[in-house]
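What follows is a single structure, written as structure tokens, with notes after it.
As the structure is a computational prediction, the values presented were derived from the model and not from experiment. Order of the sequence lines fixes the chain letters, A, B, ..., with proteins taken first and strands second; residue numbering starts at 1 for each chain.
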Amino acid sequence: MTNSFDDIPFFDEEPDHAPRRTPTTPPVPPASQQSQHATGGLGIAARAMAARDQHRAPDYLSGLNPEQREAVETVDGPVLVLAGAGTGKTRVLTTRIAHILATGRAFPSQILAVTFTNKAAREMKERIGVLVGGAVEGMPWLGTFHSIGVKLLRRHAELVGLRSDFTILDTDDVIRLIKQLIQAEGLDDKRWPARQFAGMIDGWKNKGLTPKDIPEGDARAFANGKGRELYAAYQARLKTLNACDFGDLLLHPIDLFRRNPDVLRDYHQKFRYILVDEYQDTNTAQYMWLRLLAQRPKDVPQNVCCVGDDDQSIYGWRGAEVDNILRFEKDFPGAKVIRLERNYRSTEHILGAAGHLIAHNEGRLGKTLFTERREPDDEKVVVHAAWDSEEEARAVGETIEQLQRGDSTGKKHNLNDMAILVRASFQMREFEDRFVTLGLNYRVIGGPRFYERLEIRDAMAYFRLVCQPADDLAFERIVNTPKRGLGDTTVRALHDYARARDIPMLAAAADIIETDELKPKARKALFDVIQSFKRWSELLENTPHTELAEQILDESGYTDMWKNDKSAEGPGRLENLKELIRSMEAFESLRGFLEHVSLVMDAEQNEDMDAVSIMTLHSAKGLEFETVFLPGWEEGLFPHQRALDEGGRSGLEEERRLAYVGLTRAKRRCHIWFVSNRRIHGLWQSTMPSRFLDELPPAHVDVAESESSYGGYGRGGYGQSRFDKADPFANSYSTPGWKRAQANKTDATRDNWGSRSGHAVERIGYGESGPRAKTIDGELIAKSVADTPSKFAVGDRVFHIKFGNGNVVSVEGNKLTINFDRAGEKRVLDGFVERVG
DNA sequence: TGTTGTTTCGTTTTT
DNA sequence: CGAAACAACA
């Protein structure tokens, strides 16, 4: 992907009419872009059209099922493809593009195809390449919302008040910038954290709101009512910096289209076909962007195809609007809706479990996945109980080792085929610990990413400043890295001077060293920095960029800084810097590389090792594994308490969709776990099995016999579910769990389940307000006595419902340390214990 | 300026 | 409880 902006011609890539159905001279991409693929040197469209010219049905259509084929061939008019998990969504999308090209309906550059992640875009390019034989250099408008936004803005920057070489800021830059603004405003940056405000701005931008549009309440909620002013000041600052944040990459194009109907009209003509992947994840801004492009005047066809699955919408918390997909038919009257329900991934049991679970959600478009694959050894979904998370990890580790050695049929399983999907990342640690002691290979997906590392960001700041001397944020980042004696006071002086004159800081520095403003030492140091940058920017045009990059890092003393670093990280960081330089080789210029990095903040994982994957449920979306482990299915963790508190009913439904996503990742085997005790924020808490367990269909689920220490103690009449019994499904509909579910239903109609006014769900153990009954789903479970004197004293003999009998060792408010006869010393809430004897 | 103590906070994450 | 971010200090 070479996205350097200076080589993008404006509307001159192809004639602005559709290609003729029987072209005499097929368009051929420039020689430099032709692939080395065996199929030879013809362009994609040419190859695709060649395929069409043969009189049988084209190869790419064979092997599609009827629904898929319909989704591929219905190219004219608006289409919504509801593609369930594992139904061949990507295949439809890519084949559809191949079909459009093959039938000569459009040139590659006349197709707008939008994805959410770079990974998805990459995969689509590859797969289209396979279909039409060769790399897809000819599809310039296949990419993420953001990368396409950048492309639009580079072309039309001046129409939204930017220069076309604008910088894209990452979250780190944004936070530092906001912090400066908050301080400049004379506000306390402890009371008003920049991070939080950055989050608010992000939220507003997701909704397409500019400073004048934000609700009064929001504006007042931050910085003593200065929220709106601060937001406006931030935007103004971005403008003077000639910079965009991620949100702007969506908002500016919207602004551009609204204010320049002629430009919009050009794009209407240009994009003959529009495709959108993961439509359920679009936020309001993306939706507005898309509508501007897709809703055409009557005389231009609306060939828009959105693909998504409302049941897999799990990003509501970051602004995604499921409504967008639910509303498609209204937005595009006459839209054809095609359902893909034939699943090629999972066993009947897994689909049955997932389908039954998700059926508990309301407001779905409604799909039922089915499979024709049925094998005698298909395993049901298995639910396991464990005493605590340590045992959970131990048991999962054992199961993995068993599979590795060979399952009941003697088949040996690869670790690569197994994944542990957790709700929250803190759960990962226990598994990592366990796997380390077992010597089991694992890989964590989704941790801190390559380009987010300190040394990479520093290096990038150097490169940015060389390419873009006005990049003040980059300047401030590295001016004193490595240490040059240019501390706060110097930087502050530079900053003030630059702001007063409205010039970049690097220029300000050049001015200021001519004066006696600074102490000689600082002046000398600054002089050296300026000289260096001057030198580097002169080399920019004629030196190979990897060479220049190395030179910059060496001459600035940055590599030496890490060589002299005595901490354990030093060598690793140097290695990362080398890796950074290596990855630059694939690009034509430093500029091109910077553009890539600002948008594509991911790096590939090493796939060659056989290892169990550990990741969150969110990052598992789109993946599949032979065997999936789903630990932590407990109330409060999954569904997460906070989702319930803040999202109410819809929050619960999103959690349920997350469970659905988890289940549908599994191809053959799915093991769910819950524990009865979990340490949360250092405190032991008794936990209840997740309500989602009660929502699984008995017919497709087995409950594992208590395999170890679980189950010794009774559950004391509350917190029960059918999973407490050896045979929980014996009479499913009279168990406490089911009754509780019934109770919920009546609750739900009564208080609308979690409106802000308060509902029956509260967190245990955070009682700051007075003593009151803490309940989950209306059942009494504990009393918090945070600010009443504890009724326990050191030495008391007490009984805990999970840990049994013990002696109180110490008392701190409502927290007790108890030495249990069996479980040893634990910290517990006093609501869970009672005095005995 | 590097070290040490103190405070705060605790879900999910892409661009 | 434990990590991370920050403030105070030598």
Does [N] have OP1 or OP2 under 4.0 Å away from a side-chain N or O of [X]?
| X | N | value |
| --- | --- | --- |
| A:R429 | C:dA3 | yes |
| A:R423 | B:dT12 | no |
| A:N118 | B:dT15 | yes |
| A:T616 | B:dT13 | yes |

How long is the line joining [atom1] of [X] and [atom2] of [N], in whole Å?
| X | N | atom1 | atom2 | result |
| --- | --- | --- | --- | --- |
| A:R191 | B:dT8 | CZ | P | 14 Å |
| A:D170 | B:dT13 | CG | P | 18 Å |
| A:E432 | C:dG2 | CD | C1' | 15 Å |
| A:R678 | B:dT11 | CZ | C1' | 13 Å |
| A:Q641 | B:dT11 | CD | P | 11 Å |
| A:R642 | B:dT13 | CZ | P | 14 Å |
| A:E390 | C:dC1 | CD | P | 17 Å |
| A:I445 | B:dT12 | CD1 | C1' | 16 Å |

### A:R484 vs A:A643, nearer the 5' end of DNA chain B by closest nucleotide
A:R484

### Nearest-nucleotide comparison on DNA chain B, the residue closer to the 5′ end among A:L658 and A:G485
A:G485

### Aromatic-base stack, A:Y315 on B:dT13, cutoff 5.5 Å, angle under 30
no

### Query
Ring-on-base stacking between A:H618 and B:dT12, under 5.5 Å between centres and under 30° between planes: is it there?
no

### Query
Between the main-chain N or O of A:D310 and the side-chain N or O of A:S313, is there a donor-acceptor pair closer than 3.5 Å?
no

### Task
Using atom types as modelled and distance alone, determine if a side-chain donor or acceptor of A:N480 lies under 3.5 Å from a backbone N or O of A:L486.
yes

### Query
What one-letter contact string describes nucleotides 5-10 of chain C from 5' to 3', where B marks a base within less than 4.0 Å of any protein heavy atom, S marks contact via sugar-phosphate atoms alone, and - marks no contact?
-SS---

### Query
What is the pairing partner of B:dT11, taking Watson-Crick or G-U wobble pairs with both distances under 3.5 Å in any strand?
none

Nucleotide nearest [X] when distance is taken to its side chain, options [options]:
| X | options | value |
| --- | --- | --- |
| A:K483 | B:dT11, B:dT1, B:dT15 | B:dT1 |
| A:W317 | B:dT12, B:dT11, C:dG2 | B:dT12 |
| A:S425 | B:dT15, B:dT14, B:dT12 | B:dT12 |
| A:R679 | B:dG10, B:dT14, C:dC1 | C:dC1 |

#### Entry: Nearest-Å distance once atom C1' is located in both B:dT13 and C:dG2
23 Å

#### Entry: Inter-nucleotide P distance (C:dA3, B:dT12), Å rounded
16 Å

### Task
Could you tell me whether A:R691 and A:E635 have a side-chain N and a carboxylate O separated by less than 4.0 Å?
yes

### Query
Does A:R434 count as lying over the ring of A:Y442, i.e. NZ or CZ under 6.0 Å from the six-ring centre, within 45 degrees of the axis?
no

#### Entry: Within the 6.0 Å centroid threshold, strictly below: A:W192 and A:F197
no

### Query
Are A:S690 and A:E634 linked by a side-chain donor-acceptor pair shorter than 3.5 Å?
no

### Message
Would A:Y279 and A:D309 count as a side chain to side chain donor-acceptor pair (under 3.5 Å) here? Give the steps.
### Response
CA-CA 8 Å; A:Y279 191 57; A:D309 181 359; over 6 Å; no

### Task
Find the distance between NE2 (A:H156) and NE2 (A:H252) and round it off to the nearest 0.5 Å.
14.0 Å

